[in-house]
Amino acid sequence: MSSPIRAPRGVKDIIPPDAIRFEKILKETEEILALGGFQKILLPLFESAALFSRSIGGATDIVEKEMYTFSDKGGDLFALRPEGTASLLRAAIEHRLADPGKIVRLSYAGPMFRHERPQAGRLRQFHQIGAEILGPLTPSDDVDLIALIHRMAEAFSIPSWTLLLNNMGCPACRPVYRETLVGYLKQHEKDLCETCRHRTDVNPLRVLDCKTPSCQAVLETAPKITDSLCDRSRAHFGQVREELEGLGIPYTLSHRLVRGLDYYTETTFEFVSDALGAQSTWAAGGRYDGLCQELGGPDIPGFGFAAGIERLWLLREKAGTLPVSPSPPLWLTVFPLIPEARPSALRLVRQMRNLSVPSAGFFGSGKIKSAFRQAERDASRFLAFIGEDELAAGTVQVKNLETGEQTSYALKECSRIAEDIRNAVLSA
RNA sequence: GUGAGUGUAGCUCAAGGGCAGAGCACUGGACUGUGGCUCCAGGGGUUGGGGGUUCGAAACCCCUCACUCACCCCA
């Protein structure tokens, strides 16, 4: 006996009745995005690996150690997508969806793949829903999309959430800050952990995120990005803050909030919740003004976010706002009491389905008891049976399993059977 | 990649060196073509896997694998 093959680590089956719930959560979130005018786009699950190293950044953890890359038979290098923004931008450029002169709003959803150690709220195949707005953006567009996520927090009663906000500067002032920071870090190099010494050279902003106590001490007095913003970025940040306040959306400034993807500029934000365990972020995003051009497209600013569906699930579960479980799957179970009645039973099932009555046959052991049991397990509303007498008379007994009421029909009058069943089910 | 905790029936868990058990679920019977309740019976296990200590290991030791949580990272 060989051992059974199991699902890969960090990859989960979503079994009934959770599958329906999962789809409902997705749908309800999509509906909120649709309220914001976002149009759905369906994107492939794998792309050229280069797309992600160019957009997310070669020195990021996602690209450096978490990506599922593989080469196909032609020898080209591909990667399972670790996030959605890069794919969406690629598609927008490829199909000329975006234009420097107009605003487009696109949303996507689906599985993402990262080779991480699984943990509460963290999987190797997980699901994200996200939205991106591309075009001649103003700071108000940042605020508007954040407000849409805020709407989700309210609609789903996300427990104890916080909006963390930062501005990472523009392509003009970020390099200046970067220099300042590198200079500072070099001065304190001996107090930094090994990773941070490495990052000082390849991706100094990531050092700000380090939680090692020795690094924390150094970072206490490190220069803040918000202190070295250029006038335009300062104004951008100021406007975003002012308009969030105007909408009554509370936020917390977090000058160490550095998203782990290199493409972000200006506004970055993260919605967190302490109801979620260590993986506290449930939605995050920011502005990426240089990404489109970086990927070979026109110079079009962008702003976007992604939310983790599994994390939304956990939060809504805590809040008691999970979608209700679905209606019973079966309306009718058909049971032939004797083998000779099987053809009639099969025919009846088929006819009922043609009349949009969810039906299934039970062709198991000849015991009527087991038919009742199966019907009950399926939450079937009616049980029809055909035995010796019915077969001879060309009839069928149909029993309402809730009321116990039983009616005899001619096998021919299917539309009347279907109609009676429908009325009973829909009026219950 | 690092650390800690946990692996016993389909599920939830007992037994802490001396017969591997309970509840739920499943199957059958009481009840022959009319269910849910009740009662009775039954099937299910290399105690995650491998090695060691011991007269004897689910239990103690070592290795390994898996799961969970945390670090890290992020949605």
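The sequence lines fix the lettering, A, B, ..., with proteins before strands; numbering per chain opens at 1.
- The aromatic rings of A:Phe78 and A:Phe46 sit perpendicular, their planes meeting at an angle over 60°, well past the 30° parallel limit.
- Comparing B:G35 with B:C19, their P atoms sit 44 Å apart, to the nearest whole Å.
- Among the heavy atoms of the strands lying under 4.0 Å from A:Lys367 are primed sugar atoms or P, OP1, OP2 only; no base atom is included.
- For the P atoms, the distance linking B:A59 with B:G52 amounts to 14 Å, nearest Å.
- Distance CG (A:Leu257) to P (B:C74): 10 Å, rounded to an integer number of Å.
- Geometrically, A:Arg54 does not engage A:Phe52 in a cation-pi contact, judged by NZ or CZ lying under 6.0 Å from the ring centre and within 45° of the ring axis.
- As a whole-Å value, the separation of A:Gln128 CD from B:C73 P is 18 Å.
- Proximity note for A:Ile62 (side chain, C-beta onward) versus B:C74, B:C69, B:U34: the nearest is B:C74.
- Rounded to the nearest Å, the gap between the C1' atom of B:C26 and that of B:G45 is 16 Å.
- Nucleotides B:G43 and B:C24, compared at atom C1', are 16 Å apart to the nearest Å.
- Residue contacts shown for A:Gly277 are limited to sugar-phosphate atoms, with no base heavy atom under 4.0 Å away.
- If you check B:A70, B:C67, B:G35 against the side chain of A:Ala278, the one that comes closest is B:A70.
- Figure legend. B:G21 is base-paired to B:C13; pairs are counted as Watson-Crick or G-U wobble with both atom distances under 3.5 Å.
- Residue contacts shown for A:Arg6 are limited to sugar-phosphate atoms, with no base heavy atom under 4.0 Å away.
- Residue A:Leu123 is in base contact, counting any heavy-atom pair closer than 4.0 Å across all strands shown.
- Going from the P atom of B:C37 to that of B:U27 covers 13 Å, rounded to whole Å.
- Note on A:Phe385: a base of the nucleic acid sits closer than 4.0 angstrom, heavy atoms only.
- The side chain of A:Arg373 has B:U27 as its nearest neighbour among B:A75, B:A70, B:U27.
- Counting non-hydrogen atoms under 4.0 angstrom, A:Glu66 reaches the backbone sugars and phosphates but no base.
- Across B:G36, B:C74, B:G33, the shortest atom-to-atom separation from the side chain of A:Glu376 is found for B:G36.
- Each of A:Tyr263, A:Tyr288, A:Phe269 was scored for a ring-ring contact (aromatic ring centres under 6.0 Å, His included) with A:Phe303, with one residue passing: A:Phe269.
- Nucleic acid contact for A:Gln374: none, since no nucleic acid atom lies under 4.0 Å from a heavy atom of the residue.
- Contacts of A:Leu261 with the nucleic acid, taken as non-hydrogen atoms under 4.0 Å apart, involve only primed sugar atoms and P, OP1 or OP2.
- The same atom, C1', is picked in B:C65 and in B:G49; the two are 7 Å apart, to the nearest Å.
- Distance noted for atom P between B:U47 and B:A70: 32 Å (whole Å).
- In the set B:U34, B:A30, B:A70, the nucleotide with an atom closest to the side chain of A:Lys369 is B:A30.
- Note on ring orientation: taking the six-membered ring where Trp is involved, the planes of A:Phe113 and A:Tyr68 are perpendicular (angle over 60°, cut-offs 30° and 60°).
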